Amino acid sequence: MKVVTVVGARPQFIKEAAVSAELRKEFDEVLVHTGQHFDYNMSEQFFEELSIPKPDYNLGISGGTHAQMTGKMMMAIEEVLIKEKPDWLLVFGDTNSTLAAALSAAKLKIPICHVEAGARTHCMTNPEEINRICTDHVSTLLLASAEDGFNELKKEGLGSKSLLVGNTMYDAFVKYSNVRRIDSMKLELLTGEEIDVPDKYYYLTCHREENTSEKNLSEILKAMNSLDYPTVYPVHPRNRELILKLGDFPNILFVKPVGYLESVCLVKNAEKIVTDSGGLQTEAFFAGKKCVTVLDFVCWPETMVNNRNELSRPIAEEIVEKISHEQIIDENYKPFGDGKSAVKIVRALVEKSKQLN
Ligand code: UDP
């Protein structure tokens, strides 16, 4: 049987790295890269470092408004699906690439498997929330990463198509987080200069549409600049121009985006994490690091226990205060599975295929 997998953005490459080898034991996989992320260090580097198979199609679509990007992707993905005639479409997460692929496949009556189904922020101004909800409601097999998402799917009447399989980001963390050593790592500043990783540092990632305004980003940087140790901040291309304009934050190391192996190594060795990324919040949790999330909605409720992950508004004083809170870790609390979600995903696909035929 044939599966067309569509990826397009950084977190999806990581999820594909966790799933692809397992998937290819049972299915012929055709891999489509929409082009949503295209810089070398946001895309190709992940394929190289994580040995992800080379995409069979690269659609080269990025930028524009949400509708322009999604619409162009739908047209191009439809062509691939008509040509390849797959038994399944496989998509991950919540990007425009996920939504475009799901809508194209649904109209062609191709069964869709959505990995990371049921994740809900309950915030309809969050663009990814629209992608998640629409994708889930046209999918045939909905695979949740944690209990909360599974319960959301039941509430939305999708329980009979849903299964709890665990989090593919946890699979990737288990598989890759010991590959790089912090003492042999170098960071490249935006200026091009190479530096060592400081002994003690905070790790910041920040790229969401909600935090790319001058006001919000300056508050976040002001907070990080005031801390007792420097902050390592790999700057997402979306924020690069604004960062260059915002001026001097001498206690922040503005570096180029790092590869996944470097990023998980930086997470594991950081004092604490500040982020607005969904993936980073879970990685902080996997690594037992205190996290402050600068968003006004919860992405992963499982992480919001015992001060392990706290929301903050983009206000410098509030961020600093939340960072100072100490967390309590219960070693027996493992809400994201056992690191073998890829096996469960493939098993679910095999079983569902039998039911459909
Ligand atoms: N990440 C990375 N390099 C960086 C910053 C982040 O590899 O310079 C990784 C990070 O460790 C996590 C993933 O990218 O695994 C999160 O992706 P992103 O923040 O783009 O998306 P989100 O998780 O918010 O969907």
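This is a predicted model, so every value here is computed, not measured.
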Under 4.0 Å between a side-chain nitrogen and a carboxylate oxygen: does that hold for [X] and [Y]?
X      : Y      : result
Glu283 : Lys289 : no
Arg208 : Glu128 : yes
Lys2   : Asp87  : no
Lys186 : Glu194 : no
Glu49  : Arg180 : yes

Side chain [X], main chain [Y], donor-acceptor under 3.5 Å:
X      : Y      : answer
Asp39  : Asn41  : no
Glu84  : Leu81  : no
Asn211 : Val294 : yes
Asn96  : Met69  : no
Asn269 : Ile182 : no
Ser104 : Met74  : yes

Look up atom CD in Gln327 and atom CZ in Arg308, then write down how far apart they are to the nearest 0.5 Å. 5.5 Å
Can you tell me how far the OG atom of Ser263 sits from the CD1 atom of Ile14, to the nearest 0.5 Å? 7.0 Å
Taking the side chain as every heavy atom from C-beta outward, state whether [X] and [Y] have any atom pair closer than 4.5 Å.
X      : Y      : result
Leu266 : Val197 : yes
Val32  : Asp56  : no
Val30  : Thr5   : no

How close do [X] and [Y] get, heavy atom to heavy atom, and via which atoms?
X      : Y      : answer
Ala348 : Leu143 : CB-CD2, 4.1 Å
Cys134 : Leu99  : CB-CD1, 3.5 Å
Asp296 : Leu311 : C-CD1, 4.2 Å

Of all pairs that satisfy salt bridge (Lys or Arg N to Asp or Glu O under 4.0 Å), the ones with a partner from residues 348-357, not counting sequence neighbours: Glu351-Lys354
Is the ring centre of [X] less than 6.0 Å from the ring centre of [Y]?
X     : Y      : answer
His33 : Phe13  : yes
Phe46 : Tyr260 : no
Phe27 : Trp88  : no

With hydrophobic residues grouped by side-chain heavy-atom distances under 4.5 Å, do [X] and [Y] end up in a single group?
X      : Y      : value
Leu31  : Val6   : no
Phe150 : Phe285 : no
Leu89  : Val115 : no

Steps toward salt bridge (Lys or Arg N to Asp or Glu O under 4.0 Å) verdict (Lys290, Glu271): CA-CA 8 Å; Lys290 158 88 189 171; Glu271 296 301 302; over 6 Å; no
Assess, by modelled atom type and distance only, whether the side chains of [X] and [Y] contain a donor and an acceptor separated by less than 3.5 Å.
X      : Y      : value
Gln281 : Asn309 : yes
Ser97  : Gln36  : yes
Asp171 : Tyr176 : no
Thr293 : Glu310 : no
Ser145 : Tyr170 : no
Asn131 : Thr98  : no
Ser20  : Glu16  : yes

Run the salt bridge (Lys or Arg N to Asp or Glu O under 4.0 Å) test on Glu152 and Arg120 for me, step by step, so that the C-alpha distance in whole Å, both residues' side-chain angles and the decisive distance to 0.1 Å come before the verdict. CA-CA 7 Å; Glu152 293 285 351; Arg120 295 286 182 271; 5.3 Å; no
Other members of the hydrophobic cluster containing Leu295, with the 4.5 Å side-chain heavy-atom rule, please.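 In the cluster with Leu295 are Phe297.
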ring-ring contact (aromatic ring centres under 6.0 Å, His included) partners of residues 207-248, not counting sequence neighbours, each pair once: His37-His236, His207-His236, Tyr233-Phe254
Can you list the steps and then say if Glu78 with Lys107 is a side chain to side chain contact (heavy atoms under 4.5 Å, CB included)? CA-CA 9 Å; Glu78 183 182 59; Lys107 297 289 175 98; 5.6 Å; no
